[in-house]
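All remarks here apply to the structure that follows.
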Amino acid sequence: MSEERSLNFIEDIVEADLAAGKYKSIVTRFPPEPNGYLHMGHATSICLNFGLTKDYPGYTNLRFDDTNPVTEETEYVDSIKEDIRWLGFEWKHELYASDYFEELYQFAIKLIQKGLAYVDDSSSEEIAKLKGTPTEPGTNSPFRHRRVEENLDLFTRMRKGEFADGTHTLRAKIDMAHPNMLMRDPLIYRIKHAHHHRTGDAWCIYPMYDFAHGQSDSIEHITHSICTLEFVPHRELYDWFIEQLEIFPSHQYEFARRNLSYTVMSKRKLLQLVNDQYVNGWDDPRMPTISGMRRRGFTPASIRKFCDTIGIAKRENVVDFSLLEFCLREDLNLTALRAMAVLDPVRLVITNYEEGKVEELTTENGPDAAYGTRTVPFNRELWIEREDFMEEPAKKWFRLAPGAMVRLKSAYIIRCDHFIKNEAGTVEEIQCTYFPESRSGQDSSGLSVKGTIHWVSIPQAIQAEVRLYDRLFKVENPSSEEGDFKDYINPDSLQVITAFLEPSLADATIEKRFQFLRKGYFCLDKDATTGKLVFNRTVTLKDAWAKNTKQGA
RNA sequence: UGGGUUAUGGUGUAACGGUAGCACUACAGAUUUUGAUUCUGUCAGUCUAGGUUCGAAACCUGGUAACCCAACCA
């Protein structure tokens, strides 16, 4: 109540309805079709629908819109439920449009009896031809004036299975000259002799979307039926059916689907990426699917925060990917365990450190003291990041360079004395001296350095496969570019490397989130086995220096 | 003279006839044993032309632009 946060237009409507006493509590629903995996676009709808009944009295149903048996499968039902729960929401009732098939059938009978529906024997081509175009009115079907009794008989026989697929349809009788194409005698039932994932072979006629969705809403007494903008023209039909059927008046409200830059967000396109093997399945960490993002290491809280931040409105939009990254980092920064890993190693030798000696040094586990500490082994030879050394240091370079000093995180201050190159001119080894009095936590050296770098002790280091991801597409809006969206796929969206990790990372589990110090946030991938660690880079840290050098170049 | 929807910084979103605000991005600086985090600051906006009004991003009129609608998909 004390929130100053401004309301979106749907919350405005809900508040007005509640204030006017139109409803004492509200009912919303999330209505996926079980024919694919949920993606970031669905997350917006989930957060909206479930969020509304968290903020206002009422509840939200999960209703599968399963009126097309040829594309729908139980496998999808399960993944959808898992994704919603993972996002942190729980539905009141788990329902299916197919639960209402008998009721829907009776609704159709009622329409026929009122003279508002008829059986059409036209082929799909004939129906399309008579439909007209947006600028030309349609023409009445020759079957439009069948008598009620004949329609009833035919429709009953359609249900009994007397006719083949495509031979008959049931259409609402509205107006073939209507400016809204959807009002030109829309099809409401079609024959499909197909096995349904829930009703099996009980039916061979199935209602169309427009004769299932709104009626299901009404049956469930949904007060606010929220969908995306492309359904705006359907609202007229939605209201027409409810009025003619004289059933509970649910209302439909539409918002603009959210688009994310550098990716695509339609089931059809995502399916192509999977089928054509541009990615490795629906849960590939580069996919904007909920399952892909979960595998990548996104947290539910970060996705909810993102949905909340981008808001709900009616205009076309492409949200910056960087905002999603911001929400992710914001959450991960607070929750990820800290660890050290070297992704691109170069050998560093501390020439004045006793050979064979190993010290266990204390370092922090997390962003604050509550996470406690652990120890990491330290010895004479370490891996450090190749990019942390510069033979000829740039301006404002804080890291290692000939003669320069840095602190090794949670360890000692070192000074670079020499470096060794191979024939190819690549630095192979960096030699340093350390200052024993500069030990972390008990530094009496009086030295101060600008830079601190991470490291991993070579003898104890463990290896892991690390998968580095970049954006899937090279352009902000692949769908609006010339040609095929697949032409704009980023060929370097996945880079697989072998990294050296501190030994504690051997205990990583799939739920844990890590910040590899100075490198980014990582999590264990499901491909990891007892013998082989595999990490995904969820997102990099912000890197002011990298930005700096990029600009200078 | 088909119908519908939408136009606010680079991006997303507020302002409900009364000071155009917030967040991201970008940039500059402070702190920092992560060039992270944190903190401070800067740049930057009402599609257009008229009108109503003391006062318009908002209301009216005319343009312009983008998106949606001609699946037995949802």
Could one point to a donor on the side chain of [X] or the base of [N] with an acceptor on the other under 3.5 Å away?
{"X": "A:Asn180", "N": "B:rG2", "answer": "no"}
{"X": "A:Arg518", "N": "B:rG35", "answer": "no"}
{"X": "A:Arg407", "N": "B:rU33", "answer": "yes"}
{"X": "A:Glu316", "N": "B:rU5", "answer": "no"}
{"X": "A:Asp12", "N": "B:rC16", "answer": "yes"}
{"X": "A:Ser410", "N": "B:rU33", "answer": "no"}
{"X": "A:His454", "N": "B:rA36", "answer": "no"}
{"X": "A:Arg315", "N": "B:rU8", "answer": "yes"}

[atom1]-based separation of [M] from [N] [nearest Å]:
{"N": "B:rG63", "M": "B:rA7", "atom1": "C1'", "answer": "14 Å"}
{"N": "B:rU33", "M": "B:rC27", "atom1": "C1'", "answer": "28 Å"}
{"N": "B:rA23", "M": "B:rG18", "atom1": "P", "answer": "23 Å"}
{"N": "B:rA30", "M": "B:rC67", "atom1": "C1'", "answer": "46 Å"}
{"N": "B:rG45", "M": "B:rU8", "atom1": "C1'", "answer": "6 Å"}
{"N": "B:rG17", "M": "B:rA56", "atom1": "P", "answer": "14 Å"}
{"N": "B:rA49", "M": "B:rA71", "atom1": "C1'", "answer": "42 Å"}
{"N": "B:rG62", "M": "B:rU5", "atom1": "P", "answer": "15 Å"}

In whole Å, what is the span from the [atom1] atom of [X] to the [atom2] atom of [N]?
{"X": "A:Tyr206", "N": "B:rC73", "atom1": "OH", "atom2": "P", "value": "12 Å"}
{"X": "A:Lys547", "N": "B:rA36", "atom1": "NZ", "atom2": "C1'", "value": "12 Å"}
{"X": "A:His178", "N": "B:rG4", "atom1": "NE2", "atom2": "P", "value": "9 Å"}
{"X": "A:Asn333", "N": "B:rA36", "atom1": "CG", "atom2": "P", "value": "12 Å"}
{"X": "A:Glu330", "N": "B:rU25", "atom1": "CD", "atom2": "P", "value": "10 Å"}
{"X": "A:Asp308", "N": "B:rC24", "atom1": "CG", "atom2": "P", "value": "14 Å"}
{"X": "A:Glu125", "N": "B:rA71", "atom1": "CD", "atom2": "C1'", "value": "12 Å"}
{"X": "A:Asn477", "N": "B:rG10", "atom1": "CG", "atom2": "C1'", "value": "15 Å"}

Using a cut-off of less than 4.0 Å, is there contact between a side-chain N or O of [X] and OP1 or OP2 of [N]?
{"X": "A:Thr67", "N": "B:rA74", "result": "yes"}
{"X": "A:Arg257", "N": "B:rC67", "result": "no"}
{"X": "A:Lys305", "N": "B:rA23", "result": "no"}
{"X": "A:Arg190", "N": "B:rC73", "result": "yes"}

Charged N-O contact under 4.0 Å between [X] and [Y]:
{"X": "A:Arg63", "Y": "A:Asp217", "answer": "yes"}
{"X": "A:Lys305", "Y": "A:Glu330", "answer": "yes"}
{"X": "A:Arg374", "Y": "A:Glu502", "answer": "yes"}
{"X": "A:Glu359", "Y": "A:Arg439", "answer": "yes"}

Just compare [options] and give me whichever is closest to any side-chain atom of [X].
{"X": "A:Met181", "options": "B:rU34, B:rC69, B:rC72", "value": "B:rC69"}
{"X": "A:Trp397", "options": "B:rA70, B:rG35, B:rU34", "value": "B:rG35"}
{"X": "A:Lys542", "options": "B:rU13, B:rU37, B:rU34", "value": "B:rU37"}

A:Thr375 and A:Glu360 side chains, donor-acceptor separation under 3.5 Å: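 Short answer, yes.
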Exercise: do A:Arg518 and A:His454 side chains pair donor with acceptor under 3.5 Å: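 Short answer, yes.
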Which part of the nucleic acid does [X] contact within heavy-atom distance under 4.0 Å: base, sugar-phosphate only, or nothing?
{"X": "A:Arg184", "answer": "nothing"}
{"X": "A:Ile312", "answer": "sugar-phosphate"}
{"X": "A:Ser122", "answer": "base"}
{"X": "A:Val449", "answer": "nothing"}
{"X": "A:Gly441", "answer": "base"}
{"X": "A:Arg329", "answer": "nothing"}
{"X": "A:Leu541", "answer": "base"}
{"X": "A:Lys192", "answer": "sugar-phosphate"}
{"X": "A:Glu236", "answer": "nothing"}

Which residue lies more 5' along RNA chain B, comparing A:Thr71 with A:Ile453 via nearest heavy atoms: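 Taking each residue's closest nucleotide, the earlier one in sequence belongs to A:Ile453.
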5' precedence on RNA chain B between A:Phe231 and A:Ser322 (nearest-nucleotide basis): A:Ser322
Pi stacking test for A:Trp545 and B:rG35: under 5.5 Å apart, planes under 30°: yes
Face-to-face contact A:Phe326 to B:rA23 six-ring, under 5.5 Å, under 30°: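 Here the ring of A:Phe326 and the base of B:rA23 are not stacked, as the 5.5 Å and 30° limits are not both satisfied.
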Assigned partner base of [N], Watson-Crick or wobble definition, under 3.5 Å:
{"N": "B:rG50", "answer": "B:rC60"}
{"N": "B:rG55", "answer": "none"}
{"N": "B:rU6", "answer": "B:rA65"}
{"N": "B:rG17", "answer": "none"}
{"N": "B:rA30", "answer": "B:rU38"}
{"N": "B:rC73", "answer": "none"}
{"N": "B:rU11", "answer": "B:rA23"}
{"N": "B:rU1", "answer": "none"}

Audit row: A:Glu72, A:Asn35, side chain to side chain donor-acceptor pair (under 3.5 Å) steps and yes/no: CA-CA 5 Å; A:Glu72 296 155 3; A:Asn35 71 345; 5.9 Å; no
Test item: A:Tyr238 and A:Ser250 side chains (from C-beta on) under 4.5 Å apart, heavy atoms: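 Yes, close enough: below the 4.5 Å cut-off.
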Row check, A:Phe255 ring normal vs A:Lys314 NZ/CZ: under 6.0 Å, within 45°: no
A:Tyr118 six-ring face occupied by A:Arg171 cation (under 6.0 Å, within 45°):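 No - A:Arg171 does not lie over the ring of A:Tyr118 by the 6.0 Å and 45° rule.
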